[in-house]
Amino acid sequence: MSRITTIETRDLKQSCTSGGCGECQTSCQSACKTSCGIANQPCEGKTEE
Amino acid sequence: MLLLLLLCKLAKNVKIIVVLNITAEFWELTMIHTYKLNGKNFVLDVNSGGVHLVDDLAYDCIEFLRDSGAKEEPLLNEAARNAAILQLEQKDYKKSEIAEALDEIAALTEAGKLFSGDEEYVKLAAKKSQTTPQEQKNVIKALCLHVAHTCNLDCEYCFARGGTYHGKHTLMSREVGEKAIDFLIEKSGSRRNLEVDFFGGEPLMNWETVKHIVNYARNIEEQHNKNFRFTLTTNGMLVTDEVIDFCNAQMANVVLSLDGRPAVHDRFRVTPGGVGSYDVVVPKFVEFAKRRKKNYYMRGTYTHFNTDFTEDIFHMAELGFDELSMEPVVCPPGSPNALTDDDLPVLFEQYEILALEMLKREKTGSKPFNFYHYNIDLKNGPCIHKRILGCGSGSEYMAVTPTGELYPCHQFVGDKDFALGDVWNGVKNFDIIDKFKKSSLYSKPQCGDCWGKFYCSGGCAANAYHSCGDINGIYEFGCKLFKKRIECGIMLNVEKTLLAEARNEQI
């Protein structure tokens, strides 16, 4: 493609079936404590996909 | 529902035209966000998580397709293509170039990376919230242990009001701590990784109990097939060599509170006698970070009085810290400390300044640092389950007071309307649990048409409740800042990805 560069991202649709293990970090256990941020949490099970 | 009806090749010019039949319902579920930053055009396909860097023509094409009345018409059929070509020719683009851009958009749409829907997510959200806790075993995987409802600092902006949460000065006993660990193990089902955050008040004011609880958990984790991850949040006043050594051995993360420049830090972070704490805590934090081999965060709060907060972040970087976090203050709107709508343009600019400075440092290698909210892992981020359910407060995450009472999270502690039960008898207030369990991104009507929803997962329930009285509401001011941070964070990550690729090519 010459006009669009697609960055490699996790396919959220696919993660409907591959995700949901529940082993990931709880967001407020990290740095924020006052504002919920999910996107910057690592996925615990991603490497197993 | 998207149905691919026809894929026809036009043999003469070897172009591929994809004709899609998209119903009105489907269109309502697709979501594209476009923005320009650092001289580049970004397109986010919200539902798939797709991120695209596009040229001006493709940017205009995508915006036209998104914004045109074609929302109830098939995308990229002949009529839609002609309409797009007619519109964009008025912007002095050539017809052949527009056709080229439309072909690329069609190919990405077919691949599910543009104009994707969210039908599966609606079903997923409904499934996850359809049963009540009484009927469904509620798995808890994280506790915030308030080991000290007291503090040796008296920060005016603190939501815990001197560490007491509007109650008495109390310390958690070893017995309560042990019972909390037992409770967590018992309620965690098959979850192996369990998180415990030592919080307060100031947890180092009950340091012997912290160590006792850690040792207790370590002694029994293997027999229960669990892996405890501990975090400590501290103001630094009581940090010693022994604290540093123990934390480095046992804590997966430490959060060290520093607001930045000396005058900024000492404006709020003072002893009960009013003496600033900067000079006491900074040398301790420098030593802590120097010896830290694992995760840590320097965590600051900015207020209406330092809307130039990047100066505070850069000050922290100058001190040698490289894992930084800076949060907007959360306080009643009438407070002089509160951020206002008038502050927003300055704050938005600050987040851009921060991202660009981080990119510059990445390129030059000069004192690079990470900023918590810009740590967006595009490739290995959370699955859609996590993004729909959010932080898990009140269901898989709870706070424990020094006397063993359970609350949905640390920000609800002290509000008796949210008292859930205690670590001895477990959860008793199922009405509240039910509300949190049923709360997800899809239970928040104001989040439906927000492009940032899968990055924040509906935001903080406590902030929403304190802002509008409903955990399914939103804290609108916080949303505005969050979305700006996401735009900047994605830009930074895309630029860093491209930089890494360019460096690899050179090698």
Side-chain angles (χ1 to χ4, degrees), chain A, chain B residues 47-55 57-58 100-101 104 108 112-113 116 120 124 139 141-142 191-193 195 197 231 233 253 255 297 299 325 327 330 372-373 375-387 390-392 396-397 409 454-457 459-460 463 478 482 486 494 497:
Chain A
M1 294 207 177
S2 60
R3 299 186 174 277
I4 302 177
T5 302
T6 298
I7 307 300
E8 188 181 352
T9 55
R10 183 173 195 183
D11 188 329
L12 298 185
K13 288 289 182 72
Q14 197 180 46
S15 75
C16 257
T17 49
S18 61
C21 72
E23 291 290 351
C24 52
Q25 187 181 22
T26 305
S27 56
C28 259
Q29 300 296 96
S30 48
C32 58
K33 284 291 179 195
T34 51
S35 64
C36 188
I38 297 295
N40 50 4
Q41 300 292 325
C43 173
E44 196 76 37
K46 184 69 173 70
T47 52
E48 294 168 13
E49 282 184 21
Chain B
N47 291 325
S48 69
V51 175
H52 310 279
L53 200 56
V54 307
D55 69 5
L57 171 54
E100 187 179 65
E104 291 189 16
L108 286 169
K113 292 184 179 299
S116 60
E120 306 97 311
L124 191 64
V139 171
K141 66 178 188 182
R191 297 288 189 278
R192 175 170 155 71
N193 295 313
E195 297 160 52
D197 185 15
T231 301
T233 302
N253 195 9
V255 181
Y297 272 106
R299 194 265 192 215
S325 169
E327 294 290 324
V330 176
Y372 173 69
H373 284 291
N375 287 349
I376 301 170
D377 190 339
L378 295 171
K379 281 195 288 188
N380 303 304
C383 64
I384 194 66
H385 299 255
K386 174 76 171 173
R387 291 174 195 253
C391 73
E396 60 184 21
Y397 167 57
C409 85
F454 292 128
Y455 296 97
C456 76
S457 303
C460 170
N463 285 352
F482 191 93
I486 292 297
V494 168
T497 299

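Letters go in sequence order (proteins before strands), and every chain restarts at 1. Predicted model, so just to flag it, every value in this text is computed and none were measured. Computed from heavy atoms alone, side chains included, the values below leave out hydrogens, waters and symmetry copies.
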Quick one: does any side-chain atom of B:His52 pair with a main-chain N or O of A:Ile7 as donor and acceptor, under 3.5 Å? no
Within the distance-only criterion (no hydrogens, no angle test), does the side chain of A:Ser15 pair as donor or acceptor with the backbone N or O of B:Ile384 below 3.5 angstrom? yes
With a 4.5 angstrom heavy-atom cut-off, which part of B:Ala101 approaches chain A: side chain, backbone, both or neither? both
Roughly how far, to the nearest 0.5 Å, is the CZ atom of B:Arg387 from the CZ atom of A:Arg10? 8.0 Å
Could you state the interatomic distance from CD1 (B:Ile486) to SG (B:Cys456), rounded to the nearest 0.5 Å? 8.0 Å
Identify which of B:Asp377, B:Val494, B:Asn47, B:Leu108 forms the greatest number of heavy-atom pairs closer than 4.5 Å to chain A. B:Leu108
Option that, when pairs with chain A are counted at under 4.5 Å, heavy atom only, ranks first among B:Leu124, B:Asp55, B:Leu57: B:Asp55
